Amino acid sequence: MKSSIKWQYLRDFFSIFIPILVIEVIFRLIANNDIFDLSLIRIIIGISVIASLLTFIYQMLPNWTRKLITTLVVLFDAIYAIAQLGFYNFLGVYISLQNTSQLGAVTDYIKDFIASFKWYYFLPFIGLFISIMYSIFVYKKIESHDKVNLFKHCLISCSLTVLLVVSYYLTLTMNVFESEITSMSNLNLFLTASNSSYGVSKFGTTMFWLTDVRELVKPIKVENQYLVDNIDEEETVSDNSRIIDDSRWNEVIDNTDNSDYQTLNNYFINQDITDMNDYTGLFEGKNVIFILMESVDDIFVEYPQYYPNFAKIINGGWYFDNNYSPRNSCATLNNEFSGMTSLYSISNICTAKTYSDNTYYEDVFNLFNDTGYKTFSAHDYTEHYYPRNLIHTNMGSGHYYGVEELGITYSDEYRDWANDDEFFSKVLDIISNDTSDGSNYMSWLTTVSSHQPYNVDSVQGNAYYSMTDGTGLPEDVRHYMSKLKILDNALGILLNGLEEKGTLDDTVLVLYGDHYPYGISTNNLNEALSYDTSLDMNAERVPFVIYNSEVTTGVKYHQYTTYVNILPTVANLFNLNYDPRVYMGTDLFSDDYNSMSVFADGSWKNEYAYYNASTGEVKYYKEHYSSSDIQRINSIIQAKLEMSSLAIETNYFNYLENSLNNFDKEISDSELCYTKYKDYYIEEYGDDYDGEVE
């Protein structure tokens, strides 16, 4: 029978609204987001806005077209929600359109990605089933008018849409919808889509996708809200104070008009200058080798019977047992970048690759270059994923050695990698050739043998598979442990090679894992580890150790830390000429160090609590923080994340270096001019002339 316009309108509206709402509710339940949170009201209103707009368009289309569009919209929404669940499980963050640079790598491990899905991740398809049933049964009961009063429909749709849009805006701005402990407002989050994990939690998958598309097409810049801790504080100078002359920097600030650069100048120059301490210069004059260990987690620590070389390093070094390398959309390169620069990467893009032309005069290579060290970096794989040759060169690496130049056997197939033991043998040859004159060196090595996949046969995965016979461990874990054995062999080759050369005592090793082996489920990892990787970001826990056979004595440190603290710690240990304020990390041996691990979405963890930025919830282990304490911690973290992103996006450190150098050149030219015409100026102005040249 023929229906009224009102019923026809409601039919089309709810054909969209109900299935998408079902998908969003199922998603929140699976993602462990509070179903009774006020953000669900915002999600319901957002779905209503979408349904209202589509319903208006539908009035100009025949029934079959409406059904087709509705089915396609709901199908896409369900697939997108399922994909987000899978990405979060696999990578630790929700996917964003800003990280399309990783699509090439994703296609290589698509089988591992799909295999990681849990069966209930596909429950959002219930929404699609409801949509199909709705179109079959409801459309038969409520038929369309032959002629539609477009004016009346437009009036209804426009009025409802305006009301819904205003209501949605209120959910972004009203205090009742804001968490009292978060530092990022709902409105700023909506405008920037900068935090995918928090955005999905607060807006739902459907609206986050729309904001993500809008951000990709037309980014919106919002004013950075950052916290300056000590701008009005009077610093106390002691014998351990690190004295830095800011006259040049202040001159640069006075002559800078760019608002972004001024924001960054004001932020960095007002950060704390950490004092020197008992560890300052402890390794001064020694060589240093940084080793970024591919996909290494605490299995490498908890099975010393299989990995004696790494056990030797841990037992004789400084081991930080609460170190985390948080996953993000480009975990290996982003976490390598953060270790080299002590900046937080932009979590939803492959930062160093996207901004490969950037320079960082305070990164690890340049600090050692300025001290007269020979520097080089190496990786035993190709440029297929990441252009390290360009990135490392722009960061100051004296030379980058890829797998071809190293002459190492490797496979292009995403299964069989190069062997790290062969890699480290080649590195020893490079060290012998480059330092035959007795000069100090600094090198950065990134390994590859322990990379996934783990659920299929491979050269590395099978090489020592029998080593774990009788353990009862899952097959993928055993393949992984076989790959770790190759890395351990490589470490043995390095240690023995340095000892044979008589330089082991004069060399410091700094090792950390880039991320945990996320190709293995947390359930399977739990069978091999002494802690539950599914709780409180425990999966992100990876080894970090500093070793020197002459100085370190096998100490275990329990403070919470991440890769951003590595560079300032090493810079202090080697007594390098550096400014602690331009780093987001802190020297771990400083009295100013605040024990804390910060994750990609702004979550954090320490001895006292775990704060989940996606849900806004705090889990306490010991004493409780006040709401103001939590808010202050979140503000400081948000400032660091925002300022890191802005510095990277604007190539700030290139600007700062050039500006400081130009200032030095002007002073030098002025002094040269005075020297050349000194007699004239003294004759003109007298013996007390102060040397200032106009």
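Given the structure is predicted, the values throughout are model-derived calculations rather than measurements.
Proximity of the aromatic rings of Tyr620 and Tyr608 is defined here by a centroid distance below 6.0 angstrom, and this criterion is not met. Checked against a 6.0 Å centroid threshold, the rings of Trp318 and Phe283 count as neighbours. The ring of Tyr279 has its center no closer than 6.0 angstrom to the ring center of Phe574. Note: Tyr261 and Tyr655 meet the aromatic proximity criterion, with ring centroids under 6.0 Å apart.
In summary, of the residues considered (Trp444, Tyr360, Tyr386), a ring pair (Phe, Tyr, Trp, His ring centres under 6.0 Å) with Phe337 occurs for Tyr360 alone. Only one option out of His451, Arg327, His515 pairs with Thr332 in a side-chain hydrogen bond (donor to acceptor under 3.5 Å, both in side chains); it is His515. Put simply, the residue from Asn334, Asn323, Asn335 that forms a side-chain hydrogen bond (donor to acceptor under 3.5 Å, both in side chains) with Tyr563 is Asn335.
For Asp254, the CG atom is densely surrounded, since the number of other residues' heavy atoms within 6.0 Å is greater than 12.
Ring orientation note: the planes of Phe300 and Phe310 are close to parallel, at an angle under 30° on the 30°/60° scale.
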Might you work through the salt bridge (charged side-chain N to carboxylate O under 4.0 Å, His left out) test for Arg541 and Asp297, ending with a clear yes or no?
-> CA-CA 7 Å; Arg541 188 166 144 186; Asp297 74 349; over 6 Å; no
Verdict with reasoning, Phe320 to Tyr557, per ring-ring contact (aromatic ring centres under 6.0 Å, His included) = CA-CA 5 Å; Phe320 297 83; Tyr557 295 95; 5.0 Å; yes
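For Ser377 and Ser397, the side-chain atoms include at least one donor-acceptor pair closer than 3.5 Å.
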